[in-house]
Structure formats: C-alpha cells, structure tokens
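Below is one structure, written out as structure tokens; the observations come after it.
Computed from a predicted structure; not experimentally measured. Side-chain atoms are counted along with the backbone in the values below, which use heavy atoms only and exclude waters and symmetry mates.
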Amino acid sequence: MELLQWRILPVLILLASFAIYLYVKEPSEVPRSGCSLLPHYHYWIKSKRIVTPDGIISGAVEVKGKFITSVVTENDWRGTSKGEQVIDYGEAVVMPGLVDVHAHLDDPGRADWEGFPSGTKAAAAGGITTLIDMPLNSFPSTTSTESLELKIKAAEKNIYVDVGFWGGLVPENAFNSSALEALLEAGVLGLKSFMCPSGINDFPMTNANHIKEGLLVLAKYRRPLLVHAEIQLDSESHLDLNTEDARSYSTYLKTRPPAWEEAAIRELLTVTKDTRIGGSAEGAHLHIVHLSDASSSLDLIKEAKVNGDSLSVETCPHYLAFTAEEIEDGDTRFKCAPPIRDASNREKLWDALMGGHIDMLSSDHSPTVPELKLLSDGNFLRAWGGISGLQFVLPVTWSYGKKYGVTLEQLALWWSERPAKIAGQKLKGAIASGNFADIVIWDPSAEFDLTNEYPVYIKHPSISAYMGRRLAGKVFATFVGGNLVYKEGKHAAAACGVQILAKNMNKLTGLFIKRPLYIFRSMDYLSKDKAKETKFHTARRFVVRN
C-alpha cells in the first residue's frame with residue numbers, strides 16, 4: 001500500500017501542476033461576463049501617476065486575465081500596445097488596491113449589522129481589493145473548523161473583493177494544539193485574540209499564557225497572531241459611573257485610560273521575546289491591532305522591535321482624524337475601544353506613523369445596527385463600541401494626512417504592501433509584474449461631502465463618524481484580479497471575489513474540493529533574484545477552481 005502511494009503521489013503532483021498551469025495560462029476561458037464592468041481579458045491601464053515599488057512613474061500597466069504582466073514607463077510603452085484595449089486615466093493615481101487586515105463583516109449570524117455583500121461593495125467603492133475578516137461579531141465566532149466552514153459558505157458568491165479569514169484564539173482552544181492546528185490547516189491566515197472582554201459572549205479574553213501557547217503553534221505555520229492589547233486594571237476601575245454624565249465623551253474616556261494599553265503590551269512583551277531568532281516561537285509573529293496610546297505603549301513597542309521581537313503594530317484612520325476634544329456629548333458614533341484620545345496624542349500618532357514606528361493602517365470597521373449605538377440616548381457607557389467607515393479609509397487618510405506631508409508611496413506602504421505581507425499575500429500589495437491585478441484608480445484632488453446624497457454602501461451609514469465630513473480623494477475605479485468591480489458609483493453585476501484560504505502544498509486533497517482556494521507554498525528560502533524568476537510557479541497563493 002505504501003509503495004502504491006509513492007507511485008501515485010508524483011502523478012497527483014503532475015496533475016495539480018498542470019491544472020495550475022492551465023488556469024494561469026488560459027484564464028480567458030473563465031467567464032468574465034457579470035464579474036467585470038470591462039469585458040476584456042487583455043488591456044492596458046495608462047496614467048501619469050502610477051505608484052510602483054520603484055516610485056511613481058508615468059506609463060502603463062499591462063493586465064492579462066488576473067495578473068499584471070508588465071509595468072512600463074511612458075517612453076517604453078509607446079508602440080508596445082498592439083490593438084489591445086487602453087484605459088487612459090490621465091492624471092489620476094493608479095495605486096495597488098488596499099489590503100484591509102482588520103474588518104468585521106459579521107456574516108453569518110449578524111448580517112443585519114453588516115454582511116459580505118454590503119461590506120465588500122463598500123470595500124470596492126473605497127479602493128479596498130482584499131479584506132481579512134475578523135473572527136468575532138459574526139455568530140458563531142470563528143474559533144473552530146466548523147465555524148470557519150459556516151463563514152466560507154456565507155461568503156460564497158457574495159463577495160465583490162477577495163476575502164480571507166482570521167481564526168480566533170480563545171481559552172477554549174489555546175491549550176489544544178490539535179484544535180488550533182486544525183483551524184490553521186482549514187485555511188485561516190492567522191489568529192486573533194483579546195486581552196480584555198470583547199463584548200461577544202463566545203469570544204472570551206486571553207492572557208499571556210494563552211498567547212504563548214498560540215505563538216508556539218503559529219510558529220510551525222509562520223503565520224501571525226493579532227492581539228487587541230488592553231487589560232482592565234483594578235486600580236483604574238473605581239470610577240463611580242452613577243455620578244458621572246454618561247452622555248459626556250470624557251466619562252467614557254476615563255473608563256479606558258492609556259494605562260490599559262500599556263499594561264497589555266508589557267504583558268505581551270514577556271512572550272514576544274520567544275519570537276526572536278532562536279526562540280521557542282521563532283517563525284511566529286505578533287501584530288498589535290488599533291494602537292491608540294502614542295506614549296508609553298508605543299515606547300515599549302519600539303524597544304521590543306530593537307531587541308529583535310517579531311512584532312508589528314497598526315493604527316486606524318479614526319485615531320488619526322478625530323480628537324476627544326471635538327466629540328460632542330451624546331455622539332456615540334465615535335465610541336470605540338481603545339478610545340479616541342486627545343489632540344496631543346493624535347499628533348504623536350502621526351509622528352510615529354510618519355517616522356516608521358507604526359507599521360501600517362487598517363479600518364477596524366466595526367458596524368452594528370443603529371439601535372445598539374443608542375444614537376437618541378447618547379449613552380457612551382451603554383452604546384456599542386466601534387467605528388463604521390470601511391468605504392472611506394483612503395480619502396480619510398489622505399485628507400487628514402496632507403498637512404503632515406503624506407506621500408502616495410507612503411499610502412501604498414501603509415495600506416497595501418505591509419498589510420499584504422502580514423496576511424501572507426506575496427502576489428498582492430504592489431503594482432508589479434506577476435502580481436494580481438488588484439488596482440485602485442483615484443483622484444487626490446477631487447473633494448466631496450459625505451452627505452445623505454453621497455453613494456454609501458456600508459449597511460448603516462447613519463452610525464458612521466465620518467458622515468458630514470468634507471474629504472479629498474475620490475475613488476473612480478477598482479480592479480480585483482483583473483476584473484473592474486467598481487466604476488464611478490456602479491458595481492459589477494456578479495460578486496466574483498475569491499476566498500483566500502491558506503492551504504499547505506503537501507495537502508494535495510485540498511486541490512479537489514469544490515470551492516476556490518489558494519495553495520500555499522513558501523518562498524522564504526529562495527534568493528530574491530531566483531524568486532523573481534520563478535514567481536508564477538512558486539508563489540504563495542494561486543487560485544484554483546474545480
């Protein structure tokens with residue numbers, strides 16, 4: 001029997017390779033009608049401002065099927081096009097599509113809060129081409145292979161952009177390496193945990209012991225752990241809420257001081273040292289989500305990075321746009337955790353982002369139904385916490401970042417390149433030959449008012465803190481895997497986004513299940529030059545359809 005398996009294995013590998021080759025070589029056979037507003041398999045995108053890893057160029061991007069096949073300057077492009085469709089965007093910016101690694105789409109179970117169709121339509125309208133969905137706020141939370149399967153089924157034929165999934169690290173599975181490995185084998189791109197109550201009953205909080213165990217398992221898969229870093233301190237819990245004005249934002253701010261973030265990060269750093277070279281969890285990576293405190297917490301993160309911990313940190317547009325001083329009494333649209341802090345803290349966040357100490361940005365899109373926001377009561381202590389604004393993160397970052405000298409290259413770094421790396425997507429995050437044709441076209445100078453007349457695709461616009469703002473940076477078009485999925489207020493007829501599942505290459509049976517998946521193969525041990533030569537054949541993610 002063992003001999004028979006060894007004889008069959010090379011045949012299976014050959015068949016799998018041939019299937020991948022056919023899909024990459026002949027994608028024109030895949031129907032594009034309904035998936036794209038542009039019915040062309042081979043075309044060029046032309047602009048005077050194309051953001052590439054080597055800088056901004058005037059030139060053109062060639063797209064064949066799902067992939068970018070060449071990026072050329074204006075001089076090299078002349079005469080290159082041989083009758084193919086050319087879309088000339090003039091002075092508009094052509095940039096890699098945004099990769100948002102922190103979004104709550106709440107499907108299945110709470111699709112009335114947000115769902116895959118509405119959430120991914122909003123993403124496409126905002127230039128986001130890849131979303132990684134958080135494991136909580138949906139019901140059940142994604143903490144097992146069974147709940148992941150429910151998530152996969154809910155997303156099927158309902159996503160307009162590519163969507164991957166984080167799994168949940170909770171006390172129930174933290175000390176069960178078999179359960180965690182099963183979840184990772186099933187395709188989650190990494191794990192997420194909370195160090196404080198999450199507000200969701202089936203997603204309880206973890207401590208450093210749980211996180212240490214999770215990192216040991218993740219090290220085998222070279223995938224990250226994302227952590228909500230706040231710890232409730234007893235010394236900070238003596239606020240008499242009965243005597244405080246619950247409609248005042250300052251009251252809510254007192255309930256979650258910066259010391260909560262600092263305490264959590266101090267505890268995290270007792271285990272992240274294991275991720276250093278030679279450590280017991282080498283290969284794992286810890287990513288701190290939505291940093292709000294730009295003082296002591298950030299100093300601790302800087303020190304850990306210098307010491308060699310495999311560690312990164314994100315913040316969100318709402319912390320960069322808003323300040324505690326401007327939040328009016330009762331305006332619970334602004335409630336989130338960690339909270340929006342004062343103007344001085346916002347300046348420090350911008351300094352840290354511009355200085356490279358904060359690695360990237362995410363939306364932390366956390367919607368709900370308007371009733372739970374208590375918009376009429378205005379009670380900050382009882383209202384659901386979370387900022388809703390998936391569609392607006394690009395113009396918000398640009399609009400508020402201009403005074404700090406934000407460049408287009410920095411936007412691509414914070415919103416595309418580094419998030420793609422955290423999510424393990426080596427063929428996303430940059431406009432480069434061989435990458436997926438995930439592209440956003442936008443005009444940094446185009447201003448617009450977020451009023452009720454503006455086309456908004458998130459499910460409940462009324463709860464968004466961004467409504468009523470005047471922003472600059474209008475998205476004209478969004479391409480996902482070569483499909484024009486959004487153009488000037490119109491979406492493609494069909495939801496043809498792909499689910500991103502991490503699958504080990506040696507699990508050949510995964511090739512034959514009846515849903516789209518990505519096959520995982522590491523390029524970590526290839527030299528940089530060799531990796532470029534073999535990109536199509538040893539990439540970490542290939543789409544296979546059966």
If we ignore hydrogens and angles and just use 3.5 Å, is the side chain of Ser362 paired with the main-chain N or O of Asp100 as donor and acceptor?
no
How about [X] and [Y]: do any of their side-chain heavy atoms sit closer than 4.5 Å?
{"X": "Val498", "Y": "Phe436", "result": "no"}
{"X": "Phe116", "Y": "Asp107", "result": "yes"}
{"X": "Leu349", "Y": "Ile358", "result": "yes"}
{"X": "Val440", "Y": "Pro96", "result": "no"}
{"X": "Ile152", "Y": "Leu501", "result": "yes"}
{"X": "Tyr466", "Y": "Arg333", "result": "no"}

Can you find a side-chain donor-acceptor pair between Ser250 and Ser248 that sits under 3.5 Å?
yes
Go through the steps for Trp166 and Thr142 under the test side chain to side chain contact (heavy atoms under 4.5 Å, CB included), then give the verdict.
CA-CA 8 Å; Trp166 301 120; Thr142 313; over 6 Å; no
Set of residues satisfying ring pair (Phe, Tyr, Trp, His ring centres under 6.0 Å) with respect to His210, sequence neighbours excluded:
Phe175
Check whether NZ of the Lys or CZ of the Arg Arg256 lies under 6.0 Å from the centre of the six-membered ring of Trp260 and within 45 degrees of that ring's axis.
no
Find the distance between CG (Leu218) and CG (Leu184) and round it off to the nearest 0.5 Å.
5.5 Å
Show the numbers, then the answer: is there a side chain to side chain donor-acceptor pair (under 3.5 Å) between Thr397 and Trp414?
CA-CA 10 Å; Thr397 308; Trp414 300 333; over 6 Å; no
Would you say CD of Glu172 has more than 12 non-hydrogen atoms from neighbouring residues, nucleotides or ligands within 6.0 angstrom?
no
Ser363 and Val393: which non-hydrogen atoms are nearest, and at how many Å?
CB-CG1, 3.7 Å
Could you walk me through whether Tyr400 and Arg469 pass side chain to side chain donor-acceptor pair (under 3.5 Å), step by step?
CA-CA 11 Å; Tyr400 287 90; Arg469 302 277 164 165; 3.2 Å; yes
